[in-house]
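Reading through the structure tokens given below for one structure.
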Amino acid sequence: MSGTRDAIERRLRRLEQLRKSHAVVQANAAVRDVWERGSQPPWIKLRAHLLYAREEGTQPPLTQLVNPRGIALRFYLLAVFEAQCRLATGAPWTSTLGLTTGRPSWADMVAIDGPYNASGGGYLPATKQGRNLQNARLRQLQGALRTLEDLGTQRSLVTVPRSANGGRRLYADFALMSEEGRGNLQTPHTYTVPGLTGWDGNRSTTVTVPADFFLNGWVQILNPSEVATWLVLRELSQHAPTVHTEQGVYLYGNRREEDFGLKRDAWQDSCHTLRAFGLIRYFLPGFPEGLSPDSFLMASGRGDTIVQRRRERYEPHRYQVTDQGLEQDALTKCIKEITFLRAQAPAGKAAPAEA
């Protein structure tokens with residue numbers, strides 16, 4: 001990942017805490033239980049309206065959920081995953097899991113590390129309320145539901161009913177909305193499982209995500225900006241599959257911000273990290289047969305230099321999405337790669353930027 005060594009240290013510390021607490025292993029077990037009890041879909045389909053702005057001057061739902069410490073985007077994706085494991089194409093969403101009740105519950109499917117006490121050097125410091133991971137996870141779920149609902153009357157991705165006096169939110173009774181949002185009619189646009197992929201004359205109608213993204217813990221480990229960047233690259237690769245294979249896909253700055261709402265720093269940092277994790281790679285024409293482009297770059301020891309020299313002035317990097325990387329255990333892979341990146345990063349200095 002790019003950024004200072006301190007930022008890398010913080011992320012590695014969080015990952016080690018998730019490993020020690022077995023949070024990701026246990027969340028993965030709950031996610032796999034949902035998948036095995038259901039139809040075991042190899043792919044999860046997302047309506048592409050989640051990714052890009054439908055109207056000029058508006059921000060896509062995806063990037064409205066890019067909060068470094070929030071779990072709203074992760075929770076929405078997990079809810080879509082659960083729905084597609086359980087429901088047939090076209091079937092409307094209905095609630096079957098409790099927030100913290102039942103096995104599994106929504107809380108079982110989310111891995112968190114809890115708050116960190118810098119002065120004490122540990123997680124979940126003692127409080128008067130007797131805070132623990134279980135109630136910390138519940139508070140984060142409730143916060144995620146508020147975030148998803150508060151995107152706006154028409155754009156909210158969940159609806160949460162209120163108690164009889166119109167005050168307290170009844171979080172356990174939330175309803176999942178379509179990727180397009182609740183809509184502007186009196187009847188909410190409840191989530192339904194999308195059908196076949198297609199093209200609406202402008203963009204892809206759906207984006208497919210391998211089930212391994214959920215089953216192997218990538219949905220738990222990647223930061224929201226990395227998830228957003230990865231999904232956008234997937235959309236580009238599926239919108240233009242031949243270009244993706246033969247040339248790689250890319251985004252110029254104006255399209256990145258106007259269509260997808262991704263800022264330059266978030267894009268650069270996320271592409272750098274996704275490459276390290278093996279989820280994307282540079283497109284490099286003319287690499288030796290039998291080697292992936294990134295394998296060739298690593299073997300040459302001059303990867304960034306080679307790629308930079310092959311680019312025309314002002315031309316963005318071209319990427320290819322590599323689904324094979326999702327077959328690895330996310331926590332193990334990320335700890336390994338971030339440990340390596342920590343050793344390379346000088347204290348207080350940023351890693352090289354990418355376009």
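Quantities reported herein were computed from a predicted structural model and do not represent experimental measurements. For this chain, numbers begin at 1 and follow the sequence in order.
- Criterion: ILVMFWY side-chain heavy atoms under 4.5 Å apart, direct or through other members. Under it, Phe214 and Leu87 are part of a common hydrophobic cluster.
- Separating the CD atom in Gln247 from the OG1 atom in Thr242 is a distance of 9.5 Å, to the nearest 0.5 Å.
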- request: List the steps and the verdict of side chain to side chain contact (heavy atoms under 4.5 Å, CB included) for Tyr76 and Thr147.
  value: CA-CA 11 Å; Tyr76 186 79; Thr147 298; over 6 Å; no
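- There is no path of hydrophobic side-chain contacts, each under 4.5 Å, that joins Val66 to Leu148.
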query: Are Leu157 and Leu50 close enough, and set up right, to give a side chain to side chain contact (heavy atoms under 4.5 Å, CB included), and what steps lead you there?
result: CA-CA 10 Å; Leu157 295 175; Leu50 182 71; 4.1 Å; yes
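- Between Trp267 and Phe260, the gap from one ring centroid to the other reaches at least 6.0 Å.
- Residues passing the side chain to side chain donor-acceptor pair (under 3.5 Å) test with Asp212, sequence neighbours excluded: none.
- In the hydrophobic clustering of this structure, Val25 does not group with Trp35; members are Ile, Leu, Val, Met, Phe, Trp, Tyr whose side-chain heavy atoms approach within less than 4.5 Å, directly or through other members.
- Aromatic ring centres of Trp93 and Phe174 lie closer together than 6.0 Å.
- Applying the salt bridge (Lys or Arg N to Asp or Glu O under 4.0 Å) criterion to Arg182, with sequence neighbours excluded, gives no partner residue.
- Between Ile44 atom CD1 and Thr208 atom OG1 the span is 10.0 Å, to the nearest 0.5 Å.
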- request: Determine, step by step, whether Val227 and Leu77 satisfy the side chain to side chain contact (heavy atoms under 4.5 Å, CB included) criterion, reporting the C-alpha distance in whole Å, the side-chain angles of both residues, the deciding distance to 0.1 Å, and the verdict.
  value: CA-CA 10 Å; Val227 173; Leu77 294 176; 3.8 Å; yes
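- Here the closest non-hydrogen pair linking Arg264 and Glu257 is N-OE2, 4.2 Å.
- Ion pair Lys20/Glu16 not flagged as a salt bridge, since none of the NZ, NE, NH1 or NH2 atoms sits closer than 4.0 Å to an Asp/Glu carboxylate oxygen.
- Put simply, the side chain of Asn216 gets close to the backbone of Leu326: a donor and an acceptor are under 3.5 Å apart.
- Two residues are said to be in side-chain contact when any heavy atoms from C-beta on lie closer than 4.5 Å; Leu222 and Phe277 meet this criterion.
- Side-chain contact between Leu274 and Thr229: present, with at least one pair of heavy atoms (C-beta onward) separated by less than 4.5 Å.
- Contact check for Arg137 versus Gln134: side-chain heavy atoms found under the 4.5 Å cut-off.
- Ionic pairing of Arg37 and Asp33 is present here: one or more N-O contacts between side-chain nitrogen and carboxylate oxygen are shorter than 4.0 angstrom.
- Residue Lys45 holds its NZ atom at 7.0 Å from OG1 of Thr206, rounded to the nearest 0.5 Å.
- A donor-acceptor distance shorter than 3.5 angstrom exists from the side chain of Gln320 to the backbone of Thr245, with no hydrogens or angles considered.
- For Asn254, the side chain to side chain contact (heavy atoms under 4.5 Å, CB included) criterion is met by Tyr252, Glu258, not counting sequence neighbours.
- Between Arg234 and Asp323 there is a salt bridge, since a side-chain N of the basic residue sits under 4.0 Å from a carboxylate O of the acidic one.
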message: Quick one, Tyr171 with Arg146, criterion side chain to side chain contact (heavy atoms under 4.5 Å, CB included). Give me CA distance, side-chain angles, the key distance, then yes/no.
response: CA-CA 9 Å; Tyr171 292 104; Arg146 289 194 299 272; 2.8 Å; yes
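- Within the 4.5 Å cutoff, the side chain of Leu97 has heavy atoms near those of the Met109 side chain.
- Side-chain contact check for Pro61 versus Arg155: some heavy-atom pair is nearer than 4.5 Å.
- The two residues Leu78 and Val219 come nearest to each other via the heavy atoms CD2-CG1, 4.0 Å.
- Put simply, the side chain of Ser178 never gets that close to the backbone of His189: no donor and acceptor are under 3.5 Å apart.
- Judged as a salt bridge (Lys or Arg N to Asp or Glu O under 4.0 Å), and not counting sequence neighbours, Lys336 has no contacts.
- Applying the salt bridge (Lys or Arg N to Asp or Glu O under 4.0 Å) criterion to Asp173, with sequence neighbours excluded, gives no partner residue.
- Of all non-hydrogen atoms in Asn67 and Pro224, the two that sit nearest each other are O-CG, 3.1 Å.
- Scanning all heavy atoms of the two residues, the minimum distance from Ala72 to Ala144 falls at CA-CB, 3.7 Å.
- Asp150 pairs by the salt bridge (Lys or Arg N to Asp or Glu O under 4.0 Å) definition with Arg169, not counting sequence neighbours.
- In terms of heavy atoms, Leu170 sits closest to Val160 at O-CG1, 3.6 Å.
- The hydrophobic cluster containing Val243 does not contain Val207, counting ILVMFWY residues as joined when their side-chain heavy atoms lie under 4.5 angstrom apart, directly or transitively.
- A 4.5 Å side-chain heavy-atom check between Thr339 and Leu12 finds at least one atom pair inside the cut-off.
- Residues Gln328 and Leu279 fail the side-chain proximity criterion, which asks for heavy atoms closer than 4.5 Å.
- Taking the ring centroids of Tyr319 and Tyr282, they lie under the 6.0 Å cut-off.
- Taking the charged nitrogens against the carboxylate oxygens, Arg255 and Glu235 have no contact shorter than 4.0 Å, which rules out a salt bridge.
- Between the side chain of Arg342 and the backbone N or O of Arg5 there is no donor-acceptor pair closer than 3.5 Å.
- One finds the CG atom of Leu65 at 12.5 Å from the OG atom of Ser225 (value rounded to the nearest 0.5 Å).
- Residues Val31 and Gln220 approach most closely at CG2-NE2, 4.3 Å, considering heavy atoms.
- With hydrophobic clusters built from ILVMFWY side chains whose heavy atoms lie under 4.5 angstrom apart, Leu73 does not share a cluster with Met177.
- Here the OG1 atom belonging to Thr322 is positioned 6.0 Å from the CZ atom belonging to Arg281, to the nearest 0.5 angstrom.
- Phe75 places a side-chain heavy atom less than 4.5 Å from the side chain of Leu141.
- Taking the ring centre of Tyr191 as origin, the terminal cationic atom of Arg47 falls inside the region bounded by 6.0 Å and 45° from the ring axis.
- The CZ atom of Arg10 lies 13.0 Å from the CG atom of Leu15; values are rounded to the nearest 0.5 Å.
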